[in-house]
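All remarks here apply to the structure that follows.
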Amino acid sequence: MPTAILPDGTRKSYDHDVPLKQLAADVGPGLAKAALAAVVDDQVVGLDYILTGDQTASVRFVTKKDPEALGVLRHSCAHVMARAVMRLKPGTRLAFGPTVEGGFYYDFDTDEPLTEDDFPAIEAEMKRIIEADEPFERIEESREKALEICRSLEQPYKVEHIEEGLADHDTVSFYRQGEFVDLCRGPHLPSPKAIGAFKLLSIAGAYWKGDQSRQQLQRLYGTAFFNKKDLDAYLERLEEARRRDHRVLGKKLGLFTISPLVGSGLVLWLPKGSIVRGELEKFIRGELEERGYLPVYTPHIGRIELYQTSGHYPYYKESMFTPIVLEEDEQYLLKPMNCPHHIMIYKSRPRSYRELPLRLAEFGTVYRYEQSGELSGMTRVRGFTQDDAHIFCTDEQVEQEFRSCLEMTQFVLDTLGLTHYRVRLGFHDPSSDKYVGDKEAWREAEASLVRVCEQLGLEAEAEEGEAAFYGPKVDFVVTDCIGREWQLGTVQLDYNLPSEERFALEYIGSDNRPHRPVMIHRAPLGSLERFTGVLIEHFAGAFPLWLAPEQARVLVVSQKFEEYGREVQRRFKEAGLRVGGDYRSEKIGAKIRDAQLEYVPYMLIVGGREAEQGTVAVRDRIEGDQGPMPVADAIERLLEETRARTVRQTFTSSVGLGDRNAQNVY
RNA sequence: GCUGCUGUAGCUCAGUCGGUAGAGCGCGUCCUUGGUAAGGACGAGGUCACGGGUUCAAGUCCCGUCAGCAGCUCCA
């Protein structure tokens, strides 16, 4: 006999199979009314779920206060949307319709393309469907019956999914609402009435099963909430995120620009952005020096043979700018990677084990011909500078070096207050042939990565297929303000480029015999372009003092005090601070407002009182008026905050439709 | 690269049915000289992304190119 264990520990037993709907009613009429779904043994299910036989399960009912409810609601809303589209565009083939962070989508194969102009009609139809309030009805069928149903509904994608994706399922489930029947795992709301507010957000193309060689579908994105207030709040957060977008702020604050005449994906760093980049480079350079790296410089082009030897050319030919051809046998590539150049520095003379580990570092600028549709502000570009280095070491040194690289990356991210990142272990995909090197070396390398991460207490998740072609890696991945993920820092282990088939690197060991070194590729920031783009959003344009293009600005109360203002400005400048001055014939309120809007961290306000006493009235961008203090004290205060690289404010929230952890995929 | 959308002043955007372009901010000049988030007046500023086409007439309609946006795919 089925038994349910409720959250408060009470057990309810039945002498017959019992649907959760009834269980809820037995617990109380209030619950029966409020319950939207349930969690049975950690699995979210609908109220149509039936406790059977000798099943003993923990059951927790989900109401709109529980976080699980929103996902169920959105998935139901996706069905409502699909039903509306089916009504408006008969014959549409349905693909997948999962929930994603922030909402849901559904993929359609329509005869005529959908456009945003179709949204009002679809939304109106959805509204009618919700108001009609027909229940979602779960139907379980055998595979054969299910195939028959999907064939009769003329839903070829569903047929394919039952045949392939669900090959190991004996039965599959459908949900029916009125005339609309869809293959679906569920769960759904008891009825659509709970969908209090929804909105279609965008339309885009998407490939069937994510495969570029297959049919392109129309992906309709939307979001839904229990009430209008939550929807409005979400839309407001989207707006805010948009204002924090590095492309918007980069333009507004004069940090960078991109000119079609120069070329798309090629960043022009404006003076203010260049200051931020320069400070980051200075910071990294200091760390490199302390950690025993040696600076090198290499040219921006190299002969094509260099990249044929490394293996990059055959693998990434399509993603490179086409070769510069001088003569048949003399071709050059704009370098897409720094490693082959650094390898040639290693190879410039015989190496002894006494030199290892040899750490060669360069802010190396590389060029990659990224697909046009991929380009995005500073985060995906065609020319970028990596804070790159390659470490050549012995087998015994690998783990220690690898650990140091991870520690440096963590240190750099911590310094900037970037704490919301995930660590991804990029492992090879055993079913792919894109990797070079023997299996044993890969196995060993991946095992050592896991070991080091465990030692450091790094919570890392392994992902197959994310490795570089020459070795596994550890990536630091952050999410931007609209929910997209970007890889920043990376540390990669490489047993292949040093190998006989590639560059045949050697060092002479203590036994006076040649040995093969191991390489580590690493870049804590990744690229300065992408990192700066992410930082702009991370600080919402308000950089901490040490990075701020203009650290302080002298504001004179009236132009009568310009002379004293310029004297103050000179003293701050001599102390090494980046200080501007506002001597316009504006009122002090206007000058403060402008400085605030430009995110100048400190305002130095001077008028008659300050001129007389040799002080400045310091106004903190965050805290406001700090009152007057001697010029020397103010300088010392700012210098101290700069030296400490203090981070006082960050913004980490992200909204949008990122599809990590997509639920209910069919 | 693919699907959909967009491109008007330095920026953000309006421009109805096809009838030769507007606002706010910013910028310049002048007045104003002030005490912690917007003082006032006047003025300059446009190849309506680019190239074709339809039309008596195109910012507006059609085609192409370039660029951007959203998503997919890719990412050494």
Side-chain angles (χ1 to χ4, degrees), chain A residues 100 105 107 110 113-118 201-221 242 245 247-248 251-252 254 258-261 263-265 307 310-313 315-316 318-320 335-340 366 368-377 380 386 388 426 434 466-471 473 475 482-484 486-487 490 492 494 497 521 523 555-562 583-597 603 605-610 617-621 624-628 656-659:
Chain A
V100 292
Y105 66 77
D107 286 346
T110 51
L114 292 168
T115 75
E116 279 176 31
D117 296 338
D118 296 315
L201 296 175
S202 66
I203 179 92
Y207 300 104
W208 169 236
K209 297 222 165 165
D211 185 344
Q212 200 171 359
S213 67
R214 306 195 65 177
Q215 178 69 34
Q216 186 155 30
L217 310 166
Q218 304 254 291
R219 176 167 296 178
L220 197 42
Y221 281 92
R242 175 79 190 128
D245 190 310
R247 291 163 296 189
V248 174
K251 187 182 268 186
K252 189 172 134 198
I258 294 170
S259 148
L261 191 54
S264 51
Y307 290 95
S310 72
H312 287 100
Y313 190 68
Y315 275 97
Y316 296 107
E318 300 307 314
S319 308
M320 291 181 183
K335 75 172 168 185
M337 288 293 286
N338 299 303
C339 36
V366 298
R368 299 179 186 174
Y369 192 79
E370 304 285 3
Q371 301 182 71
S372 59
E374 275 308 330
L375 300 175
S376 177
R380 192 79 186 264
Q386 299 173 309
D388 210 357
K434 79 164 202 176
E466 289 293 325
F469 74 87
Y470 48 71
K473 55 180 185 159
D475 293 328
I482 53 176
R484 288 186 287 215
W486 301 103
Q487 175 196 313
T490 183
Q492 313 179 351
D494 182 0
L497 294 186
H521 308 237
L555 309 184
V556 290
V557 166
S558 103
Q559 288 178 312
K560 278 187 284 199
F561 311 109
E562 175 164 352
Y583 305 105
R584 294 174 303 163
S585 70
E586 290 292 344
K587 300 214 290 194
I588 191 67
K591 294 181 187 180
I592 288 169
R593 180 169 193 272
D594 289 343
Q596 288 281 155
L597 293 176
M603 283 151 263
I605 296 171
V606 298
R609 298 198 287 271
E610 288 78 14
V618 174
R619 182 187 165 97
D620 180 323
R621 186 186 66 79
D625 191 5
Q626 303 292 294
L657 299 166
D659 71 346

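Letters A, B, ... mirror the listed sequences (proteins, then strands); counts begin at 1.
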query = A67(B) C1' sits how many Å from Glu370(A) CD, rounded?
reply = 18 Å
inquiry  = If I take atom NZ in residue Lys587(A) and atom P in nucleotide U32(B), what distance separates them, rounded to the nearest angstrom?
reply    = 15 Å
inquiry  = Keeping Arg368(A) on the side-chain end and Ser319(A) on the backbone end, is there a donor-acceptor pair under 3.5 Å?
reply    = no
Gap between atoms CD and C1', on Gln559(A) and U32(B) respectively (whole Å) = 10 Å
message = With a 4.0 Å limit, can you tell me whether Tyr316(A) has a side-chain N or O closer than that to the phosphate oxygens OP1/OP2 of A76(B)?
response = yes
remark   = Taking for Leu114(A) and for Ser376(A) the nucleotide of RNA chain B with the nearest heavy atom, the one nearer the 5' end belongs to Leu114(A)
ask   = So what does Gly608(A) hit on the nucleic acid, given a heavy-atom distance under 4.0 Å: a base, only sugar-phosphate, or nothing?
value = base
note = From CD1 of Ile482(A) across to C1' of A70(B) the rounded distance in Å is 8 Å
note = All stems that RNA chain B takes part in, i.e. 3 or more consecutive Watson-Crick or G-U pairs with distances under 3.5 Å, are B:1-7 with B:66-72, B:10-13 with B:22-25, B:27-31 with B:39-43, B:49-53 with B:61-65
key: Proximity to the side chain of Arg368(A) - top-ranked nucleotide from C75(B), U36(B), G71(B)   = C75(B)
inquiry  = At 4.0 Å (heavy atoms only), tell me whether Gln218(A) reaches a base, stays on the sugar-phosphate, or touches nothing.
reply    = sugar-phosphate
message = Rounded to whole Å, how long is the line connecting atom NZ of Lys209(A) with atom P of G71(B)?
response = 24 Å
request  = Indicate, with a heavy-atom threshold strictly under 4.0 Å, whether Ile605(A) touches base, sugar-phosphate, or nothing.
outcome  = base
query = Do Arg380(A) side-chain and C74(B) base share a donor-acceptor contact under 3.5 Å?
reply = yes
query = Does a nitrogen or oxygen in the side chain of Arg247(A) sit under 4.0 Å from OP1 or OP2 of C69(B)?
reply = yes
key: Polar pair under 3.5 Å, donor/acceptor by atom type, side chain Ser585(A), base U32(B)   = yes
task = Please state the P separation for the pair C56(B) and C72(B) - nearest whole angstrom.
result = 48 Å
remark   = note: Leu220(A), atom CG; A70(B), atom P; distance rounded to Å ~ 18 Å
query = What does Arg219(A) touch in the nucleic acid at a heavy-atom separation under 4.0 angstrom: a base, only the sugar-phosphate, or nothing?
reply = sugar-phosphate
ask   = Using a cut-off of 4.0 Å on non-hydrogen atoms, how would the nucleic acid contact of Gln626(A) be classed: base, sugar-phosphate, or nothing?
value = nothing
ask   = Which is true for Arg484(A) with a 4.0 Å heavy-atom rule: it touches a base, it touches only sugar-phosphate, or it touches nothing?
value = sugar-phosphate
key: Whole angstrom value for the distance that separates P of C66(B) from CD1 of Ile258(A)   = 18 Å
